[in-house]
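Quick caveat: nothing in here was measured; it's all calculated off a predicted structure.
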Amino acid sequence: AIRKGEPVKLTCYQNNSNLNNMWWYIQDRSGAGGLKLIAVVYTQMDANYEKDIEKDRFEITRPEDKISYLMMKTTKIKAAAFYVCAAGDHSDEEQCRDKAKTTLQL
């Protein structure tokens, strides 16, 4: 279990180096409101965060084609949520959100 105040590092691995984009989403524990985009990150570039995301809360990196990390420097009670990572070779965020939602329903 993770304790309040501890750092957390989530890893997303995908096995296709041709997928240019990786997205990180958050969904609160109740599931209300569905998935909310945190950021999209391209290979070896800085993440592009959504405007309403607390950037000091998350740090998202992608050091290699096939891997991305979401780090929380310190966890808070509101950090308890469902985190989803998706990868794609397109820039259509809505299409990727649909793929992530399908994954959640499995």
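- To the nearest 0.5 Å, the span separating CD1 on Ile38 from CZ on Arg57 amounts to 7.5 Å.
- Residues satisfying the salt bridge (Lys or Arg N to Asp or Glu O under 4.0 Å) test with Asp52, not counting sequence neighbours, are Lys36.
- Judged by distance alone, with hydrogens and angles left aside, the side-chain atoms of Glu64 form no donor-acceptor pair with the main-chain N or O of Lys66 at under 3.5 Å.
- The closest donor-acceptor contact from the side chain of Glu50 to the backbone of Val40 lies at 3.5 Å or more, if one exists at all.
- Residues Asp65 and Gln14 come closest through the heavy atom pair O-NE2, 3.0 Å.
- For Tyr25 (side chain) and Ala86 (main-chain N/O), no donor-acceptor pair under 3.5 Å exists by modelled atom type.
- Of the inter-residue distances, the one linking Met22 atom CE with Tyr13 atom OH reads 10.0 Å to the nearest 0.5 angstrom.
- Met72 is listed as a side-chain neighbour of Leu70, based on a closest heavy-atom distance under 4.5 Å.
- How far CG of Leu10 is from CH2 of Trp24: 5.0 Å, rounded to the nearest 0.5 Å.
- Atom CG of Asn21 sits about 10.5 Å away from atom CE of Met45, to the nearest 0.5 Å.
- Atom CG of Asp46 has 12 or fewer neighbouring heavy atoms from other residues, nucleotides or ligands inside a 6.0 Å radius.
- At least one side-chain heavy atom of Tyr42 sits under 4.5 Å from a side-chain heavy atom of Asn48.
- Contact record, Ile60 with Ala39: CD1-CB, 3.7 Å, taken as the closest heavy-atom pair.
- Listed here is the closest heavy atom pair of Thr61 and Ser68: O-OG, 2.8 Å.
- Applying the under-4.5 Å side-chain rule to Ile, Leu, Val, Met, Phe, Trp and Tyr, the cluster around Met71 extends to Ile67, Tyr69.
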